Amino acid sequence: MAELQIRDMVEVPKVKTVIQMSDINDPELQDFLTDSFLVTDEVKHIFKVFFNNIVEDSGKGYFLVGNFGSGKSHLLSVISLLLSNKESWSPIIEQES
């Protein structure tokens with residue numbers, strides 16, 4: 001009997017370790033950006049505040065602060081896609097199910 005290896009038991013998805021805002025212009029990366037984005041309670045709060053403020057008729061400014069590699073660019077790219085491409089909402093909404 002052949003030995004079972006870790007790669008036989010675990011699927012490791014493709015990972016893009018560096019997200020750049022320009023990635024939203026690449027049709028192949030658009031799905032990846034939203035499909036790979038994890039909506040946490042903190043992200044839910046950010047979405048709620050941000051999208052509620054957008055519907056108001058006054059200017060707002062935001063500071064996004066986080067450690068290197070914490071997902072700031074990924075968050076910004078997903079928000080940009082959500083604002084510009086209604087199909088991008090699907091993977092985000094599916095996480096609520």
Side-chain angles (χ1 to χ4, degrees):
M1 183 191 289
E3 283 188 39
L4 197 58
Q5 296 187 1
I6 292 176
R7 70 173 167 237
D8 300 324
M9 298 181 289
V10 178
E11 181 181 337
V12 178
K14 262 182 124 176
V15 175
K16 184 169 175 21
T17 57
V18 176
I19 304 291
Q20 299 176 358
M21 287 300 296
S22 61
D23 291 344
I24 64 172
N25 299 320
D26 183 337
E28 292 181 18
L29 288 177
Q30 289 177 355
D31 288 341
F32 168 79
L33 290 169
T34 53
D35 289 342
S36 64
F37 190 74
L38 178 63
V39 179
T40 63
D41 287 340
E42 186 174 6
V43 168
K44 287 179 192 176
H45 175 72
I46 290 168
F47 281 173
K48 181 179 178 182
V49 170
F50 179 78
F51 287 109
N52 282 337
N53 285 335
I54 279 191
V55 297
E56 294 178 7
D57 196 23
S58 61
K60 297 271 187 213
Y62 299 93
F63 284 102
L64 184 57
V65 179
N67 292 327
F68 176 79
S70 62
K72 298 177 301 292
S73 296
H74 201 166
L75 172 64
L76 290 175
S77 64
V78 167
I79 288 174
S80 182
L81 283 170
L82 295 175
L83 289 170
S84 63
N85 185 355
K86 66 181 179 181
E87 290 81 25
S88 295
W89 280 95
S90 185
I92 303 302
I93 292 171
E94 287 175 10
Q95 291 188 45
E96 284 296 309
S97 311

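Computed from a predicted model, the values in this text were never measured in an experiment.
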> Can I54 and K60 be said to form a side chain to side chain contact (heavy atoms under 4.5 Å, CB included), step by step?
Replying inline: CA-CA 8 Å; I54 279 191; K60 297 271 187 213; over 6 Å; no
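- Not counting sequence neighbours, the partners of Y62 by the ring-ring contact (aromatic ring centres under 6.0 Å, His included) test are F50.
- No more than 12 heavy-atom neighbours from other residues, nucleotides or ligands sit within 6.0 angstrom of CD on E42.
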> What do the steps show when you test T40 against V43 for side chain to side chain contact (heavy atoms under 4.5 Å, CB included), and what is the final call?
Replying inline: CA-CA 5 Å; T40 63; V43 168; 3.4 Å; yes
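- Looking at every heavy atom in both residues, H74 comes nearest to F37 through CD2-CD1, 3.7 Å.
- Residue S77 forms a side-chain contact (heavy atoms from CB on, under 4.5 Å) with just one option from I24, L82, D23, and that option is I24.
- Rounding to the nearest 0.5 Å gives a distance of 9.0 Å between CD of E96 and CD1 of I93.
- For the atom pair CG of L75 and OG of S80, the computed distance is 11.0 Å after rounding to the nearest 0.5 Å.
- Here the shortest heavy-atom pairing between G66 and K72 reads O-NZ, 3.1 Å.
- Aromatic ring orientation, W89 versus F51: tilted (interplanar angle from 30° to 60°).
- Under the side-chain contact (heavy atoms from CB on, under 4.5 Å) rule, I92 has a single partner from L81, D35, V39, which is V39.
- Under the 4.5 Å side-chain heavy-atom criterion for grouping Ile, Leu, Val, Met, Phe, Trp and Tyr, I46 is not connected to L38 through any hydrophobic cluster.
- Each of L64 and I19 belongs to its own hydrophobic cluster when Ile, Leu, Val, Met, Phe, Trp and Tyr are linked at side-chain heavy-atom distances under 4.5 angstrom.
- For Q30 and T34, the side-chain atoms include no donor-acceptor pair closer than 3.5 Å.
- The side chain to side chain contact (heavy atoms under 4.5 Å, CB included) test applied to D8 returns L4, Q5, not counting sequence neighbours.
- Linking Ile, Leu, Val, Met, Phe, Trp and Tyr residues whenever their side-chain heavy atoms come within less than 4.5 Å leaves V18 and L29 in two separate clusters.
- Taken from CG in N25 to CD in Q20, the straight-line distance is 11.0 Å, to the nearest 0.5 Å.
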